[in-house]
Amino acid sequence: MTPVHFSFSSAFILGLMGLAFHRTHLLSALLCLEGMMLSLFIALALWALQFESMGFSAAPMLLLAFSACEASAGLALLVATARTHGTDRLQNLNLLQC
């Protein structure tokens with residue numbers, strides 16, 4: 001495994017571990033998701049450059065567009081949660097209550 005592949009793999013694993021083990025605030029979970037998506041974007045872009053294929057050149061931009069949509073939806077949920085509950089702590093949220 002090259003150092004470049006190791007760095008992107010470790011960035012993805014670090015984001016995944018942060019999402020799995022450090023879920024106190026909604027904002028920290030969203031930041032971990034964004035880190036995972038960014039590492040996937042860079043890895044996919046380097047993979048497309050490595051194979052010099054024009055068929056895969058649109059895939060990183062499509063992933064980046066989906067990542068931007070995911071970030072905007074997550075921030076909208078964060079604002080709605082902060083307005084209704086007064087905090088973004090995930091322990092205070094109960095999905096069974098309205």
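Because the structure is predicted, anything quoted here is derived from the model rather than measured. Just so you know, residue 1 is the first one in the sequence shown, and it goes up from there.
Across every non-hydrogen atom of Ser39 and Ala11, the tightest pair is CB-CB, 4.1 Å. When every heavy atom of Ser10 is checked against every heavy atom of Ser7, the shortest pair comes out as OG-O, 2.9 Å. Nearest heavy atoms, Gly15 versus Cys32: O-CB, 3.5 Å. Here the shortest heavy-atom pairing between Met61 and Phe41 reads N-CE1, 4.4 Å. Residue Leu40 comes nearest to Leu63 through the heavy atom pair C-CD2, 3.7 Å, listed as atom of the first residue, atom of the second, then distance.
The line from CG of Leu31 to CE of Met36 is 13.0 Å long, rounded to the nearest 0.5 Å. Taking CD1 of Ile42 as the start and CE of Met37 as the end, the distance is 12.0 Å to the nearest 0.5 Å. Atom NE2 in His5 sits 5.0 Å away from atom CD in Gln50 (nearest 0.5 Å). Here the straight-line distance linking atom CG of Leu19 with atom CG of Leu14 works out to 12.0 Å at 0.5 Å rounding. Here Leu44 contributes atom CG and Phe8 contributes atom CZ; the two are 11.5 Å apart, rounded to the nearest 0.5 Å.
Residues Leu46 and Phe12 are members of one and the same hydrophobic cluster, defined by side-chain heavy-atom contacts under 4.5 angstrom among Ile, Leu, Val, Met, Phe, Trp and Tyr.
Considering only heavy atoms from C-beta on, Trp47 comes within 4.5 Å of Phe51 through its side chain.
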Exercise for review: Kindly indicate, with the supporting measurements, whether the criterion side-chain hydrogen bond (donor to acceptor under 3.5 Å, both in side chains) is fulfilled by His25 and Ser28.
Suggested key: CA-CA 5 Å; His25 294 280; Ser28 64; over 6 Å; no

